[in-house]
Amino acid sequence: MKIKSVKFIKSAQSIKDSIDPNFNEVAFMGRSNVGKSSFLNSLTNQKIAKISSTPGKTKLINFFEVLYENDAKTIFVDLPGFGYAKVSKKEQGNWQKNLNSFIANRFNIKLFVQLRDARHPGLEIDNQVYEYLNFIKKADQQILTIFTKSDKLKQNELAKLKKEYPNSIFVSNLKKEESKKQMIKFTLHYLEILNENN
């Protein structure tokens, strides 16, 4: 299965002003500066997400319509990065409240994709997010963990991480064509299963 086209739909502040839940959705989330924008751009082969040197730049919930070569349709949801942002605590609190509400109540999200930095696999904030997703996810929802920047690890460190997280995807330097192809292949496999169950 290949992605044929990607189209930006809209940005929303919360679930209240989100698009109608007419299609299955894949929600992408991760700590700020984990490489989520680069991952999305590589996955879709388009610059749909803005890459910024300032962590926490994505402040809104962004919706993209993804059309596959078999004409199946999925909505990609780019969620705000968590864990770092140069804003007030009040604004951070509002973001977190809106994000929690969206994740817990958006019933048509069928796949949560959590990106984690392979160099810092045991961060408490990442563990808390994973535990929260497991707590709120419904029977028809799945969680896929993707470790970015795995090329920064030594071979023994990577082997240990793969043993600890056997069902995860490990992404190397996305600027390398072979790494990009491998990442797209595995991720689209999950999306294909998702569409078969649509």
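Hydrogens, waters and symmetry mates play no part in the numbers below; they use all other heavy atoms, side chains included.
Summarising the geometry, atom CG belonging to D78 is positioned 10.5 Å from atom CE belonging to M29; distances are rounded to the nearest 0.5 Å. Rounded to the nearest 0.5 Å, atoms CD (Q46) and OG (S5) are 7.5 Å apart. Atom CD in E157 sits 10.0 Å away from atom CD in Q155 (nearest 0.5 Å). Going from atom CG of L123 over to atom CD of Q128 covers 10.5 Å, rounded to the nearest 0.5 Å. How far CD1 of I109 is from CD1 of I75: 11.5 Å, rounded to the nearest 0.5 Å. In this structure, CG in L133 is found 11.5 Å from CG in L144, a value given to the nearest 0.5 Å.
A heavy-atom distance below 4.5 Å is found between the side chains of I103 and L79. Residues N45 and I3 have side chains not in contact (no heavy-atom distance under 4.5 Å, counting atoms from C-beta outward). Taking the side chain as every heavy atom from C-beta outward, L43 and F28 approach each other to under 4.5 Å. Side-chain contact check for V6 versus F76: every heavy-atom pair is 4.5 Å or farther apart. Side-chain contact between S11 and I61: absent, with no pair of heavy atoms (C-beta onward) separated by less than 4.5 Å.
Taking each heavy atom of N127 and P121 in turn, the nearest pair found is OD1-O, 4.3 Å. L115 approaches G35 most closely through the heavy-atom pair CD2-O, 4.3 Å. Closest heavy-atom contact between I136 and A104: CD1-CA, 4.2 Å. The shortest non-hydrogen separation linking G81 to S32 is C-OG, 3.5 Å. In plain terms, the two heavy atoms of A118 and S150 that are nearest each other are CB-CA, 3.8 Å.
Using modelled atom types and a 3.5 Å distance limit, the side chains of N108 and R106 yield a donor-acceptor pair.
Formation of a donor-acceptor pair under 3.5 Å by the K10 side chain with backbone atoms of D17 is found in this model. Under a 3.5 Å cut-off, the side chain of N41 and the backbone N or O of S38 do not form any donor-acceptor pair. Looking at E65, its side chain never comes within 3.5 Å of a backbone N or O of K73 through a donor-acceptor pair. When atom types are taken as modelled, the side chain of Q114 and the backbone of I143 share no donor-acceptor pair closer than 3.5 angstrom. Of the possible polar contacts, one joining the N70 side chain to the A72 backbone as a donor-acceptor pair under 3.5 Å is found. Listed for the T148 side chain is a donor-acceptor partner under 3.5 Å among the backbone atoms of V34.
Few gaps surround NZ on K138; more than 12 heavy atoms of other groups in view lie less than 6.0 Å from it. Within 6.0 Å of atom NZ in K7, 12 or fewer heavy atoms from other residues, nucleotides or ligands are found, so the atom counts as exposed in its surroundings. Shown here is E164, whose CD atom has more than 12 heavy atoms of other residues, nucleotides or ligands within 6.0 Å. Sparse packing is recorded around CD of Q13, with 12 or fewer heavy atoms of other residues, nucleotides or ligands lying under 6.0 Å away.
The aromatic rings of F63 and F102 sit perpendicular to each other, their planes meeting at more than 60°, with 30° as the lower class boundary.
Grouping the Ile, Leu, Val, Met, Phe, Trp and Tyr side chains by contacts below 4.5 angstrom, directly or via other members, places L67 apart from F64. At a threshold of 4.5 Å between side-chain heavy atoms, the hydrophobic network of Ile, Leu, Val, Met, Phe, Trp and Tyr places F8 and I48 in one connected group.
If you run side-chain contact (heavy atoms from CB on, under 4.5 Å) between R116 and each of V129, I146, D126, only D126 comes through.
Considering only residues two or more places apart in sequence or on other chains, K4 meets the side-chain hydrogen bond (donor to acceptor under 3.5 Å, both in side chains) condition with D71.
Pairs passing the ring-ring contact (aromatic ring centres under 6.0 Å, His included) check and including a residue from residues 106-142, sequence neighbours excluded, do not occur.
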